[in-house]
Amino acid sequence: KTLKNGTPINLPYFDFFNYSGLQRSVRLLYTPSLRIDDLAVTTESIEEDRALLSYSVKTSDECSVVVALSDEEGHEVACANGASGELVVSDPHLWNLRDAYLYTLTARIMDGDEVVDEYFDTVGIRTVSIEDRRIKVNGRPVYLKGFGRHEDVPLHGRGFDPVFAKRDFEIMKWMGCNSFRTRHYPYAEEELYLADREGFFVIDEVAAVGMLVSTTNYIAATKKAEKVTLFDTPETAEPMLKAHLAAIDELVARDKNHACVCAWSLFNEPDFSSEAAVPYATEVFEHARALDPQKRPCSYTNVTAARA
């Protein structure tokens, strides 16, 4: 679109600087043909002296899989055979807000005594839910205090910087915070691993921003007369929905095991003033719920002027 003064603008509208180009490290991985493709773990239940975890390992072909869980000192606390199953942990050390504890879950493909492939991830034993209009961790209510952040640093703009990331966490802790939202895109995975370790909750947001047909964002979104939203026409809504669902696939696939992720944010300030937004949003929310093995809460960030 071009403004009256000849200035070209990008639609949908962004109310922050939207960078381009490579912003994070790129790594090339060499894997064997028989390999571990994915690993998922969920805390099913927590009792006074035991926790029950379920796991699932996806491999490139049928094979023998061994899974082991180790504590922070490296001692094995549970093990199992098979590509899916359960792990029972006695006297578990739970992950909590500002009181993090991480176990290491290791999956191996075995050929006799030989390890064909190995994959490990750090996991926290914890549950998260919304009950009686309260967020609960391990069955106890918590109060989230934090920010909507951007993944920017003063020296080079967007992109993960380990020094600045650690500095941000220390500043947030100094201010008494325990959480943040990754507005308006997924952050670098390293940032989530740091949140795991620091005991922060993260509302993990997909890059669904700018869903307002407007160059002035909130103001134009309030004008209902003769207004068409991005959800009204198939030419706009159908390709947008396809990309939206694919982005959620990638987000959940990457971040599902992080103890820090307490909820998914599936939209940022969309213009939901049209009835056409209802089936679109319904499909997005149902899709995200079906993907997540931990069944975390799903949310979106609302601007009240853009609701029906």
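With sequence neighbours excluded, the residues forming a side-chain hydrogen bond (donor to acceptor under 3.5 Å, both in side chains) with Arg181 are Glu205, Asn268, Thr301, listed by chain and number. Applying the side-chain contact (heavy atoms from CB on, under 4.5 Å) rule to Tyr193 yields the partners Asp121, Thr122, Glu189, Asp196, His258; only residues at least two apart in sequence or on another chain are considered. Judged as a side-chain contact (heavy atoms from CB on, under 4.5 Å), and not counting sequence neighbours, Pro279 has no contacts. Among residues two or more places apart in sequence or in another chain, the ring pair (Phe, Tyr, Trp, His ring centres under 6.0 Å) test is passed with Phe285 by none. Looking at residues two or more places apart in sequence or on another chain, you find a side-chain hydrogen bond (donor to acceptor under 3.5 Å, both in side chains) between Lys173 and Glu170, Glu198. The side-chain contact (heavy atoms from CB on, under 4.5 Å) check on Thr7 picks up Leu3, Asn5, with sequence neighbours excluded. With sequence neighbours excluded, the residues forming a side-chain contact (heavy atoms from CB on, under 4.5 Å) with Pro154 are Phe164, listed by chain and number. Every residue meeting the side-chain hydrogen bond (donor to acceptor under 3.5 Å, both in side chains) condition with Arg24, not counting sequence neighbours, appears here in chain and number order: Glu151.
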Inset, instruction - Start with the C-alpha distance between Phe169 and Phe200, add both sets of side-chain angles, then the distance that settles ring pair (Phe, Tyr, Trp, His ring centres under 6.0 Å), and finish with yes or no. - result: CA-CA 9 Å; Phe169 274 92; Phe200 270 65; 5.1 Å; yes
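Pairs engaging residues 234-243 under the side-chain hydrogen bond (donor to acceptor under 3.5 Å, both in side chains) rule: Thr233-Thr236 [sequence neighbours left out]. Contacts classified as side-chain hydrogen bond (donor to acceptor under 3.5 Å, both in side chains) and involving residues 279-299 (residues at least two apart or in different chains) are given here: Arg126-Gln294, His244-Tyr280, Asp249-His287, Trp264-Asp292, Asp292-Arg296, Gln294-Arg296. Applying the ring pair (Phe, Tyr, Trp, His ring centres under 6.0 Å) test to pairs two or more places apart or on separate chains, those with a residue in residues 62-94 are His93-Tyr101. Within the structure, side-chain hydrogen bond (donor to acceptor under 3.5 Å, both in side chains) contacts touching residues 132-145 (residues at least two apart or in different chains) do not occur.
When each of Phe180, Phe147, Trp95 is paired with Phe201, the ring-ring contact (aromatic ring centres under 6.0 Å, His included) condition holds for Trp95 and for no other.
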